[in-house]
Amino acid sequence: MIVSHEHRFVFVEVPQTGSTAIAKELLGQYGCEEVLHKHAHLREFLNQATPDEKRYIVAVGTRHPLDQLASHHTKLRNNHRGAYEDPERFEENGGWVSHAAREQFQFVRDSEGDFGAFLKRYYIGQQVRISQYAWGRSRYKHLIRFETLNNDFQAFLRTFGIEPKRELP
């Protein structure tokens, strides 16, 4: 999670929405600071924020759900950074890779990366899953869409009187 005390905003880093690029840019170019951890939920910030910080403007990255699933599938298919086979990254060992994610990884591997089979097995006909990041959506004042990432990011900066220094790398 990224905070600017000077401009009084919080940027929530939602996975697979371009948040890493935005976070690096905010940290490296605009004097922001990282608080809590990457992909922290807004509730975590609000639980430890001062009364003044609780009034900060909140921005969040978003992405079309099907595009997000395709990205997740690609990470599974490619064993993103070896995460799905590295016991140090497993939740039970203090990491972030859940047992369910490892099961999906194995299914994708066994189905030779078939995206349709992945969708049928884990998403089509299943109970609708709502991202935990959607829980704070009434507090979000700025959506930075993955599909229009650079334009939305620059518009976000300008609302605080910040002139963008460059295009997002």
Side-chain angles (χ1 to χ4, degrees), residues 1-3 10-30 32 34-45 58-137 139-140 142-157 164 166-169:
M1 181 162 301
I2 307 300
V3 172
V10 176
F11 175 66
V12 179
E13 298 174 80
V14 177
Q16 300 170 347
T17 63
S19 64
T20 300
I22 291 171
K24 285 181 181 178
E25 195 72 359
L26 289 171
L27 293 169
Q29 299 294 320
Y30 299 100
C32 297
E34 188 170 17
V35 297
L36 299 171
H37 56 88
K38 183 176 183 174
H39 305 315
H41 294 107
L42 180 60
R43 177 60 41 211
E44 292 176 81
F45 175 74
V58 180
V60 63
T62 187
R63 187 174 188 176
H64 188 283
L66 188 57
D67 193 28
Q68 206 162 3
L69 280 178
S71 178
H72 175 59
H73 176 264
T74 298
K75 287 184 177 187
L76 292 168
R77 190 180 68 230
N78 296 329
N79 191 18
H80 185 65
R81 298 183 179 165
Y84 300 102
E85 295 181 308
D86 181 355
E88 290 183 17
R89 296 186 187 175
F90 297 172
E91 274 183 340
E92 62 269 23
N93 299 329
W96 58 271
V97 178
S98 67
H99 178 75
R102 295 194 311 269
E103 178 185 305
Q104 289 182 348
F105 166 71
Q106 192 59 52
F107 178 84
V108 168
R109 183 167 273 181
D110 292 346
S111 67
E112 298 178 353
D114 185 318
F115 184 60
F118 172 73
L119 285 179
K120 284 179 185 175
R121 172 83 163 96
Y122 293 102
Y123 296 96
I124 295 174
Q126 302 296 318
Q127 184 176 16
V128 174
R129 299 175 192 187
I130 298 175
S131 168
Q132 293 177 14
Y133 294 96
W135 296 350
R137 70 178 175 256
R139 292 282 320 254
Y140 301 156
H142 293 276
L143 293 179
I144 301 174
R145 290 172 175 78
F146 182 81
E147 296 79 9
T148 53
L149 192 64
N150 194 64
N151 289 341
D152 287 0
F153 176 65
Q154 289 189 2
F156 164 70
L157 291 175
R166 62 186 187 176
E167 301 278 313
L168 279 172

Test of ring centre spacing under 6.0 Å for Phe107 and Tyr122: yes
message: Ignoring hydrogens and geometry beyond distance, is a side-chain donor-acceptor pair present between Glu92 and His99 at under 3.5 Å?
response: no
query: Do NZ/NE/NH1/NH2 and the carboxylate oxygens of Arg121 and Glu103 come within less than 4.0 Å?
result: yes
query: Sub-3.5 Å donor-acceptor pair from the side chain of Thr74 to the main-chain atoms of Ala70, do we have one?
result: yes
- prompt: At what distance, to the nearest 0.5 angstrom, does NE2 of His37 lie from CD of Glu13?
  reply: 10.0 Å
query: Can you name the nearest heavy-atom pair linking Ile2 to Cys32, along with the distance?
result: CG2-CB, 3.5 Å
message: Looking at Val12, is its backbone amide N or carbonyl O close enough to the side chain of His41 to form a donor-acceptor pair, meaning the two atoms are under 3.5 Å apart?
response: no
- line: Heavy-atom nearest pair, Leu76 first then Phe105, reads O-CD1, 3.2 Å
Test item: Asn150 side-chain N/O and Glu167 main-chain N/O as donor-acceptor pair under 3.5 Å: no
- line: The reported gap from OG in Ser98 to CZ in Arg89 (rounded to nearest 0.5 angstrom) is 14.5 Å
- line: Shortest non-hydrogen pair, Ala83 vs Trp96, comes out as CB-CZ2, 3.5 Å
- prompt: How far apart are the C-alpha atoms of Tyr123 and Leu66, what are their side-chain angles, what is the distance that settles it, and do they pass the side-chain contact (heavy atoms from CB on, under 4.5 Å) test?
  reply: CA-CA 10 Å; Tyr123 296 96; Leu66 188 57; over 6 Å; no
- prompt: Mind checking whether Phe118 and His72 have parallel, tilted or perpendicular rings, split at 30° and 60°?
  reply: tilted
task: Sequence neighbours left out, what passes side-chain hydrogen bond (donor to acceptor under 3.5 Å, both in side chains) with Arg166? Give chain and number order.
output: Glu25
message: Checking Thr17 against Ile22 for the side-chain contact (heavy atoms from CB on, under 4.5 Å) test, could you report, in this order, the C-alpha distance in whole Å, the side-chain angles of both residues, the deciding distance, and whether it holds?
response: CA-CA 9 Å; Thr17 63; Ile22 291 171; over 6 Å; no
query: Nearest heavy-atom pair of Ala101 and Val97: which atoms, and what distance?
result: CB-CG1, 4.2 Å
message: Go through it in stages, so that I can follow the logic: the residues are Lys75 and Gln16, the test is side-chain contact (heavy atoms from CB on, under 4.5 Å), and I'd like the CA-CA distance, side-chain angles, deciding distance and then a yes or no.
response: CA-CA 10 Å; Lys75 287 184 177 187; Gln16 300 170 347; 3.7 Å; yes
message: Using only atom types and a distance under 3.5 Å, with no angle test, would you say the side chain of Asp114 pairs donor to acceptor with the backbone of Gly116?
response: yes
- prompt: For Arg145, does the CZ atom have more than 12 heavy-atom neighbours from other residues, nucleotides or ligands under 6.0 Å away?
  reply: no
message: As an exercise, state the distance from OG1 of Thr20 to NZ of Lys38, rounded to the nearest 0.5 Å.
response: 2.5 Å
Of Asp67, Val14, Thr62, the residue whose pairing with Phe146 passes side chain to side chain contact (heavy atoms under 4.5 Å, CB included): Asp67
message: Can you tell me how far apart CG (Asn79) and CG (Asp86) are? Round to the nearest 0.5 Å.
response: 9.0 Å
task: Might you confirm whether atom CD of Glu88 has over 12 heavy atoms from other residues, nucleotides or ligands at distances under 6.0 Å?
output: no
message: For a quick test of reading the model, state the closest non-hydrogen atom pair linking Gly113 to His73 and the distance between them.
response: O-CE1, 3.0 Å
query: So, the side chain of Arg77 versus the backbone of Val108: is there a donor-acceptor pair under 3.5 Å, distance only?
result: no
- prompt: So, Glu147 side chain and His64 main chain: donor-acceptor pair closer than 3.5 Å or not?
  reply: yes
task: Kindly give the heavy-atom pair with the smallest separation between Pro15 and Gln68, and that separation in Å.
output: O-NE2, 3.0 Å
message: Counting C-beta onward and ignoring hydrogens, is there a side-chain heavy-atom pair between Lys24 and Pro169 closer than 4.5 Å?
response: no
